[in-house]
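Before any comments, here is the structure.
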Amino acid sequence: MNIVRYSQRPGPGALQEEIRQVFDRFFDNDDRDESSVVTSQWVPRVDVREEADRFVLYADLPGVDPEEIEVQMDKGILSIKGERKAQDATGSERFSRIERYHGSFHRRFALPDSADPDGIAANGHNGVLEIVIPRKPETTPRRIQVGRPG
């Protein structure tokens, strides 16, 4: 008895798009860090600035509605997830070149213990997501006096 693996064929152009994205990722090796989750179809560029009282993260997300971006903080890990939709071409339109990535993205960043998860704020403007993470107030070590019993 022969076992035949059945796979449903994707729509027209889907295979070429998937191959293009694989090649783009392979040849666009610019020493990325490991903050991108494997299931991401593209990786937004991110700048992280450290200031005296806060951390500020800027993510380039043109074409992504800020209200559709999910920002979460869990156990010291800041996650940014979302999706940029592919531009639909009507029957009369035809693209001669497509270079902009689309699909889902998911990035994670480990934050230092000095980050205050309760004060995180995020907003999007002109295709840039800004996440402000305040620092916790510094605590000074407390000396504990050791005494003798009774």
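Everything numeric in this text was worked out from a predicted model, so none of it was measured.
Under the 4.5 Å side-chain criterion, counting only non-hydrogen atoms from C-beta, K136 is not in contact with S114. Inter-residue side-chain proximity for R135 and D53 is flagged as unmet; no heavy-atom pair is nearer than 4.5 Å. Side-chain contact between V71 and L129 is present, with at least one heavy-atom pair separated by less than 4.5 Å. Taking 4.5 Å as the limit, some side-chain heavy atom of D60 sits within range of a side-chain heavy atom of V128.
Taken from CD1 in I133 to CG in D116, the straight-line distance is 10.5 Å, to the nearest 0.5 Å. Between the NE2 atom of H106 and the CD1 atom of I80 there is a distance of 9.0 Å, given to the nearest 0.5 Å. The line from CG of L78 to CG of L57 is 6.5 Å long, rounded to the nearest 0.5 Å. Rounded to the nearest 0.5 Å, atoms NZ (K81) and CZ (F105) are 10.5 Å apart.
Listed here is the closest heavy atom pair of W42 and G103: NE1-O, 2.9 Å. Closest heavy-atom contact between P117 and M73: CB-CG, 3.7 Å. Between G119 and P134, the closest heavy-atom pair is O-CD, 3.3 Å. The two residues L61 and P44 make their nearest non-hydrogen contact at CD2-CB, 3.4 Å.
A salt bridge is absent between E68 and R84: the closest approach of a Lys/Arg side-chain nitrogen to an acidic carboxylate oxygen does not fall below 4.0 angstrom.
In the displayed structure, E67 atom CD is contacted under 6.0 Å by at most 12 heavy atoms of other residues, nucleotides or ligands.
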- Audit row: H102, E83, side-chain contact (heavy atoms from CB on, under 4.5 Å) steps and yes/no: CA-CA 7 Å; H102 63 273; E83 181 177 2; over 6 Å; no

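Without hydrogens or angle criteria, R107 side chain to R45 main chain gives no donor-acceptor distance under 3.5 Å. No donor-acceptor distance shorter than 3.5 angstrom exists from the side chain of E130 to the backbone of N123, with no hydrogens or angles considered.
Transitive grouping of hydrophobic side chains (ILVMFWY, heavy atoms separated by less than 4.5 Å) keeps I69 and Y58 in distinct clusters.
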